[in-house]
Amino acid sequence: MAHEHKLEIFRGLLKFKSNVSKIWGVLIVLSIVTAIEVVLGIYKPEFLIEGTLLRMKYLNWIFIILTIFKAYYITWDFMHMRDEVKGLRRAVVWTAVFLICYLVFILLTEGDYIFDVYDTGFQSWDF
Amino acid sequence: MDATVQHTGEEGATWGGGNQPLKASYGKLMMWFFIVSDALTFSGFLAAYGFSRFKFIDSWPIADEVFTHVPFFHGNYPMIYVAFMTFILIMSSVTMVLAVDAGHHMKQKKVIWYMFLTIIGGAIFVGSQAWEWATFIQGDYGAVETKGGKILQFVDTDGNRVALRDIATTIEGDRVTHESKNGIWYDDEKELSEFTIQEIQAGFAASPNVLIRTQTLTERGEKTVLSREESLKRLNKDAVAIVEGANLRHNEYGTPLFADFFFFITGFHGFHVFSGVMINVIIFFNVILGTYERRGHYEMVEKVGLYWHFVDLVWVFVFTFFYLV
């Protein structure tokens with residue numbers, strides 16, 4: 001339970017001797033990821049904003065994936081989800097993940113549809 | 001009491017009660033329940049932001065051009081301050097988890113120290129948030145709004161932004177702010193801006209190197225700059241009002257929805273940070289008083305820790321969707 005901590009991150013690639021050193025290790029990982037995000041956000045490399053995947057720029061995909069990566073380490077190591085039982089982990093994570101994916105899908109699809117109405121309709125919105 | 005069954009003979013069996021399939025205490029489970037529901041609330045807000053953004057996908061403000069200031073420094077530093085805020089919040093998450101760890105080892109002194117650092121980190125974050133709001137509300141260069149509610153900004157021929165005060169010429173006039181004591185219906189109007197739209201139009205006509213930038217984004221994700229002729233036509237025909245700064249109705253950086261969501265989501269998050277700091281302060285004093293030392297465990301620190309990390313978790317998403325994407 002709470003007193004035993006799993007001390008491996010990156011699927012066992014990185015092992016820590018104590019919980020405290022694991023915390024500092026995770027801080028370093030999160031800081032590096034944030035630094036990458038900020039640098040990409042400031043410089044916006046040409047090749048990443050030109051191409052798109054599923055109508056979104058590569059750069060934005062990178063930002064979202066890095067965000068989920070950070071969210072994983074905050075939940076798993078700072079909130080000690082790594083040390084909880086599978087049942088609790090799944091109850092919390094899958095509930096949120098399914099509902100959020102559903103909500104985001106519905107709302108973004110609808111937003112895109114309204115954009116098309118504004119864009120191709122006969123009404124002028126810019127006067 | 002004899003009328004009720006005290007012992008079922010099934011203690012320890014699966015349905016006998018007293019076993020904890022999730023191996024977590026009541027308090028911790030309730031905190032997780034709260035966190036899941038709060039996470040869904042925040043994702044509702046962020047998804048609504050995404051909805052509005054997709055609705056105006058070709059004219060949404062560019063965050064890099066909106067949040068460019070750093071306290072005590074002049075100049076254009078996009079992202080730097082918000083990166084600092086993110087780092088502060090992650091740092092305070094680290095001191096919080098160190099406090100939880102010290103609590104597991106029953107080290108009261110260390111818990112006090114780490115809780116203190118966490119509170120300081122939270123306070124710096126809330127202060128930064130307030131500064132960010134103030135800067136956003138005050139505005140930067142100013143812009144004019146058209147009849148259709150679109151924003152027109154001014155740039156020079158190199159694409160650098162030009163402020164309203166650098167364009168405006170003074171036209172003598174006696175337009176004064178209408179006050180409630182002068183009207184029949186006790187209505188007043190909000191304070192007049194420093195310039196009138198006529199002064200901007202006259203000043204723009206007199207400065208040949210200034211062009212107008214519209215809200216519309218180009219293929220490359222930059223704002224469209226009009227030619228000089230188009231700029232003059234647009235400004236003289238469509239512009240109706242001066243916009244300086246941002247509020248819930250007008251926003252010099254682009255669509256007012258951007259400001260609405262910015263105030264609402266970062267405000268809601270800031271409120272979470274603020275309440276987190278308050279709860280941390282309460283627990284901090286409890287630790288000092290030795291409440292948890294007497295109780296024999298520091299699980300309370302762990303529970304507020306969960307909340308505090310959740311606030312950090314939400315910020316990671318707010319940071320991405322407001323400032324990066």
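Chain A is the first sequence line, chain B the second, and so forth, proteins listed ahead of strands; every chain is numbered from 1. Note that the coordinates shown come from a computational prediction; the quantities given were computed from them, not determined experimentally.
- Closest approach of B/K55 and A/F115 over heavy atoms only: O-CD1, 3.4 Å.
- In this structure, the portions of B/K147 lying under 4.5 Å from any heavy atom of chain A include both its backbone and its side chain.
- Annotation: maximal heavy-atom pairing with chain A below 4.5 Å, among B/L324, B/V316, B/D238, B/V36, occurs at B/L324.
- In terms of heavy-atom pairs under 4.5 angstrom with chain B, the leader among A/R89, A/M56, A/K57, A/E46 is A/E46.
- Within the 4.5 Å cutoff, the side chain of B/F310 has no heavy atoms near those of the A/T75 side chain.
- Proximity to chain B is absent for every atom of A/D116, based on heavy atoms less than 4.5 angstrom apart.
- For A/T109, the side-chain contact (heavy atoms from CB on, under 4.5 Å) partners are A/F105, not counting sequence neighbours.
- The two residues B/F87 and A/S31 have their closest heavy-atom pair at CE1-OG, 3.5 Å.
- Test B/I90, B/D312, B/V94 against A/L30 for side chain to side chain contact (heavy atoms under 4.5 Å, CB included) and you get one pass: B/I90.
- In A/F10, the CZ atom is crowded: over 12 heavy atoms of neighbouring residues, nucleotides or ligands sit closer than 6.0 Å.
- Counting heavy-atom pairs under 4.5 Å between each of B/E219, B/R234, B/M91 and chain A puts B/R234 at the top.
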Practice problem: Test side chain to side chain contact (heavy atoms under 4.5 Å, CB included) on B/F33 and A/V92 and set out the steps. | Solution: CA-CA 8 Å; B/F33 264 93; A/V92 170; over 6 Å; no
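- Residues that satisfy the ring pair (Phe, Tyr, Trp, His ring centres under 6.0 Å) test with A/F47, not counting sequence neighbours, are absent from this structure.
- Within the 3.5 Å criterion, the main-chain N or O of A/F78 finds a donor-acceptor partner in the side chain of B/H309.
- Residues A/A71 and B/F317 share a closest heavy-atom pair of CB-CE1, 3.6 Å.
- Contact tally against chain B (heavy-atom pairs below 4.5 Å) for A/V117, A/I100, A/I23, A/I114: the top residue is A/I23.
- For a residue to count as touching a neighbouring chain, one of its non-hydrogen atoms must lie under 4.5 Å from one of that chain's; by this rule B/Y323 does not touch chain A.
- Per-residue heavy-atom pair counts under 4.5 Å with chain A were compared for B/V100, B/T320, B/L46, B/T86, and the maximum is reached by B/T320.
- At a 4.5 Å heavy-atom cutoff, the contact between A/T34 and chain B is made by side-chain atoms alone.
- For chain B, the nearby part of A/W24 is the side chain; its heavy atoms alone come within less than 4.5 Å.
- How far CD1 of A/I42 is from OH of B/Y77: 11.5 Å, rounded to the nearest 0.5 Å.
- The aromatic ring centres of A/Y113 and B/F54 sit 6.0 Å or more apart.
- Proximity to chain B is limited to the side chain of A/K44, based on heavy atoms less than 4.5 angstrom apart.
- Only the side chain of A/Y118 comes within contact range of chain B, with heavy atoms under 4.5 Å apart.
- Atom CH2 of A/W76 sits in a crowded spot, with more than 12 heavy atoms from other residues, nucleotides or ligands closer than 6.0 Å.
- Highest contact tally toward chain B, considering only A/L103, A/V104, A/I106, is held by A/L103 [criterion: heavy-atom pairs under 4.5 Å].
- Other residues, nucleotides and ligands contribute over 12 non-hydrogen atoms within 6.0 Å of the CZ atom of B/F34.
- Between A/M79 and B/V97 the shortest side-chain heavy-atom distance does not fall below 4.5 Å.
- Here OG of B/S52 is found 9.0 Å from CG of A/L107. Values are rounded to the nearest 0.5 Å.
- Across all non-hydrogen atoms, the minimal contact from A/G41 to B/D64 is O-OD2, 3.0 Å.
- No other option in A/D119, A/D112, A/L27 has as many heavy-atom pairs under 4.5 Å with chain B as A/L27.
- At most 12 non-hydrogen atoms from other residues, nucleotides or ligands lie less than 6.0 angstrom from NZ of B/K110.
- For the pair B/W32/A/M81, a side-chain contact is recorded, criterion being any heavy-atom separation below 4.5 Å from C-beta on.
- Within the 4.5 angstrom heavy-atom criterion, only side-chain atoms of A/E84, from C-beta onward, approach chain B.
- For the set B/D101, B/V314, B/T216, the count of heavy-atom pairs under 4.5 angstrom toward chain A peaks at B/D101.
- When the candidates A/L108, A/V85, A/V38 are compared by the number of heavy-atom contacts under 4.5 Å with chain B, A/L108 comes out ahead.
- Interface remark: A/L88 contributes backbone and side-chain atoms alike to the contact with chain B (heavy atom separation under 4.5 Å).
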